[in-house]
Amino acid sequence: MKDKIHELLVSAINDLYESKDLSIEIVKTKSEEHGDWSSNIAMIEAKKRGENPKELAKKIINSFSKEDWIEKIELAGPGFINFFLSKKANLKYLKELLDNKESFFPYKEKNKKNILIEYVSSNPTGPLHVGHGRGAAFGSALSYLLKKSGNKVTEEYYVNDQGLQTKILADSVHMKYLEKFNIDTSKIDSTNFYKGSYIDELASKIKNLKKDTFIKIKNEKEFIDLIINEMMLGIKETLNNFKVNFDSFFSESYLYDKKANKIREVLEDLKSDHSFEKEGALWFKSTKFGDDKDRVLIRSDNQETYFLSDIAYHKDKFQRNYDELINIWGSDHHGYLPRVKAAIEALKLNPENLKTIFIQFVSLIKKGKKISMSTRSADFVTLNQLLEEVGVDAARFFYLTKKSDQALEFDIDLAISQDKNNPVYYIQYAYARICSLEKELKKREMIFDLKEGIDNLDLLENKSELEIISSLEDYKIIIEQCCKNYEVHPICFYLRDLASKFHSYYNSETIINDDQKLRNAKFTLLLAIKKTIKSGMDVLIIETPEKM
RNA sequence: CUCCUGGUAGCUCAGCUGGAUAGAGCAUCUGCCUUCUAAGCAGAGGGUCGCAGGUUCGAAUCCUGCCCAGGAGGCCA
């Protein structure tokens, strides 16, 4: 409908004067006094042209051609143009939705892109915790959304299986491993070691698998690979439980691979123009590209920094020919972005093609109190523990319900509750209720005729029905907005709202009645609600059970 | 000290690319189950949109300053 009004406005204005770069905003109105749709174009244009907005609006309205789908057009307030649509026009979207039998999705991107989205990428030095869960939920939902709207999306996890932290992990496990053979480890400096119980469990596992072969480590790489592999198995299992599935896992160590030689390549790229040696280290002159200070690529002890391999990783991503790269990072990395962008520019790649989304912290609330967390001391709640406690659906919904760049307080008690307080259950309940109505219909030996329903949609004319018809079309707007802004939380709010409208409708009147035409029309509306809830929940990757 | 986020109802948050009377949920109070799932519904109260200026027909939304909270500023990752 919006598109049709848009067309109408453009042609009306073009009839009046030559107009360049018209950006017309059309919004659904909040109150019915203002009609169905409204545009402020007259006020915007009047400002540009130094005219009186009301006068201009009047002229625009007068130059509209008569259309049967418009009941009336009004000038209101300081210059709004309000469109009152005929009933038929309001049913247009509904019919589209219902005609589309298979996978219904209301929005398709005009310029389809090939996108690489990288998220989670948690260091394999410990299990995933509740903070990672948020990035995982968001990344997977956003990927689904972008896929559904017509893009090609590859989901990637970058595995930091190289460098200092990895070494510390290996040492941590090795010490525990030695203890299992009653070997004295008191001389080992373990202040920086990882301390969680998973270290001990991993040591036991390795003892079982490999017996005493690693008491004296001959091949450190073999030991590290074994440990990383075990850690990643655990992480993948958790992700899998959480309905997060990656297309690819990219190893940092690949960048150091002698054949691939990605690190050397980047050093060559940067060497002549953009790097210098100081105090025995090799630096990247990132200040040349807007960063606060220059950054070290190779430390004075000859170790490559994480930053260096990250440049190589980004270069590799760019070379894989995607139209767009998306990074989903924890917000504690936001200071890291300028140097990465600097490196990208230095490599003569286009930083515009890299979009970084930051995910804020998560704190857990239980019985009204905050649970404190810190990764190093292993004083954290793992994602597995959270999933066990609240379930996958509730966890995903609560993670996604808030704008991603805003800190999240995750209320465990609310997530567990199974009543209307809990939005997940509330939405799922609406879906299940519709399914239950369909079953009841069959039980009473009545047959649902979709065609008859569609033909009789105009029988639906009470207030809650008209409201639902209108808000079903909102879904399209919400999805479009989410695709544009790379966000998903509006879907959560929308679904709760739609569910609420349905529950209200359900309570206000009996759906199953003896008037066949009306009944089919009502069930057609229910089907539309059902499809919309399903579609939205699919984006969030949350189940819609038929029975609760 | 510098930079980044945020400050909206008692609580948790939407709204922020300027639009018409600022919205949800929770919590509180009052009603509704012999009828399709009460895991539900109907109704009520609750606001100086952190403070002060500015921009304009119009500001929660944009700009400036200040206050408060959290985060970032390694040859860690």
Side-chain angles (χ1 to χ4, degrees), chain A residues 23 25 27 29-31 33-34 38-40 43-44 46-47 52-54 76-80 82 121-123 125 160 162-166 168 192 252 278-283 292-293 295-307 309-310 330-338 358 360-361 363 365 368 375 398 401-403 405-411 414 417-426 428-430 432-441 443-444 481 484-485 489-490 492-494 496-497 499-500 502-513 526 547-548:
Chain A
S23 79
E25 195 176 295
V27 294
T29 57
K30 284 180 198 151
S31 109
E33 287 165 52
H34 302 139
S38 172
S39 177
N40 63 355
M43 288 180 284
I44 304 285
K47 194 175 209 165
N52 179 312
K54 278 192 166 184
F80 290 104
N82 293 337
S121 299
S122 136
N123 281 355
T125 51
N160 292 116
Q162 185 81 26
L164 189 60
Q165 296 306 322
T166 310
I168 294 173
N192 285 324
E252 184 184 7
K278 193 176 97 185
E279 294 159 7
L282 183 71
W283 298 67
D292 295 341
K293 39 184 122 168
R295 310 290 175 175
V296 171
L297 296 171
I298 298 179
R299 302 195 308 233
S300 51
D301 65 0
N302 224 17
Q303 265 287 315
E304 298 86 350
T305 60
Y306 171 86
F307 177 49
S309 48
D310 217 19
S331 65
D332 52 336
H333 283 64
H334 83 249
Y336 190 73
L337 185 58
F358 292 101
Q360 271 284 3
F361 296 107
S363 47
I365 307 288
T375 319
F398 278 76
T401 196
K402 206 168 158 181
K403 218 165 35 183
D405 64 350
Q406 181 138 192
L408 173 73
E409 292 198 353
F410 194 119
D411 187 331
L414 182 60
S417 71
Q418 305 209 346
D419 52 37
K420 66 174 182 143
N421 297 355
N422 185 339
V424 190
Y425 283 86
Y426 186 81
Q428 288 177 328
Y429 183 44
R433 252 185 168 172
I434 294 174
C435 295
S436 157
L437 282 167
E438 289 169 340
K439 261 177 237 148
E440 183 65 23
L441 191 74
K443 217 168 106 190
R444 297 191 195 179
Q481 181 202 329
K484 205 174 120 200
N485 299 340
H489 68 277
C492 298
F493 285 90
Y494 172 79
R496 213 218 162 266
D497 187 59
S500 162
F502 163 73
H503 287 306
S504 174
Y505 177 49
Y506 177 91
N507 274 274
S508 69
E509 61 180 276
T510 313
I511 311 280
I512 300 177
N513 60 77
L526 293 191
K547 210 171 103 188
M548 293 178 77

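Throughout, protein chains are lettered first and strands after them, A, B, ... in sequence-line order, and every chain is numbered starting at 1. What you see below is based on every heavy atom in this structure, not just the backbone, and it leaves out hydrogens, waters and symmetry mates.
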A.B. asks: Checking contacts here: which listed nucleotide (rA38(B), rC41(B), rG19(B)) is nearest the side-chain heavy atoms of Asn507(A)?
C.D. replies: rC41(B)
A.B. asks: Tell me which of Tyr505(A) and Phe493(A) sits closer to the 5' end of RNA chain B, going by the nucleotide each one is nearest to.
C.D. replies: Phe493(A)
A.B. asks: So, OP1 or OP2 of rC41(B): does either fall under 4.0 Å of a side-chain N or O from Tyr426(A)?
C.D. replies: yes
A.B. asks: The side chain of Lys293(A) is closest to which nucleotide in this list: rG25(B), rU12(B), rG74(B)?
C.D. replies: rG74(B)
A.B. asks: For RNA chain B, what is the dot-bracket line, given that a base pair needs Watson-Crick (N1 to N3, plus N6-O4 or O6-N4) or G-U wobble (N1-O2 and O6-N3) geometry with both distances under 3.5 Å, and | means paired with another strand?
C.D. replies: (((((((..((((.....[...)))).(((((.......))))).....(((((..]....))))))))))))....
A.B. asks: Confirm from the modelled atom types if Thr305(A) and rA77(B) form a donor-acceptor pair under 3.5 Å, side chain to base only.
C.D. replies: no
A.B. asks: Answer with yes or no whether the side chains of Gln165(A) and Thr125(A) bring together a donor and an acceptor at under 3.5 Å.
C.D. replies: no
A.B. asks: Under 4.0 Å from OP1 or OP2 of rG74(B): is there any side-chain N or O of Arg299(A) that close?
C.D. replies: no
A.B. asks: Roughly how many Å apart are rU21(B) and rG25(B), using the P atom of each and rounding to a whole number?
C.D. replies: 23 Å
A.B. asks: Name the closest nucleotide to the Glu440(A) side chain, picking from rG74(B), rC36(B), rG19(B).
C.D. replies: rC36(B)
A.B. asks: If you measure from the C1' atom in rC57(B) to the same atom in rA69(B), how many Å do you get, rounded?
C.D. replies: 37 Å
A.B. asks: Which one, rA72(B), rG19(B), rA20(B), comes nearest to the side chain of Asn82(A)?
C.D. replies: rA20(B)
A.B. asks: Let's test your reading of the model: under 3.5 Å, does the base of rC36(B) pair with the side chain of Ser436(A) as donor and acceptor?
C.D. replies: no
A.B. asks: For the P atoms, the ones on rU61(B) and on rG18(B), what distance do you get once it is rounded to whole angstrom?
C.D. replies: 12 Å
A.B. asks: Does His503(A) use its side chain to pair, donor to acceptor, with the backbone of Ser500(A) at less than 3.5 Å?
C.D. replies: no
A.B. asks: Using O4'-C1'-N9-C4 for purines and O4'-C1'-N1-C2 for pyrimidines, with syn meaning within 90° of 0, is rC33(B) syn or anti?
C.D. replies: syn
A.B. asks: If you measure from the C1' atom in rC51(B) to the same atom in rA59(B), how many Å do you get, rounded?
C.D. replies: 16 Å
A.B. asks: Using the side-chain heavy atoms of Thr510(A), tell me which of these nucleotides is nearest: rA20(B), rC36(B), rA77(B).
C.D. replies: rC36(B)
A.B. asks: For rG73(B) and rA52(B), measure between their C1' atoms and round to the nearest Å.
C.D. replies: 30 Å
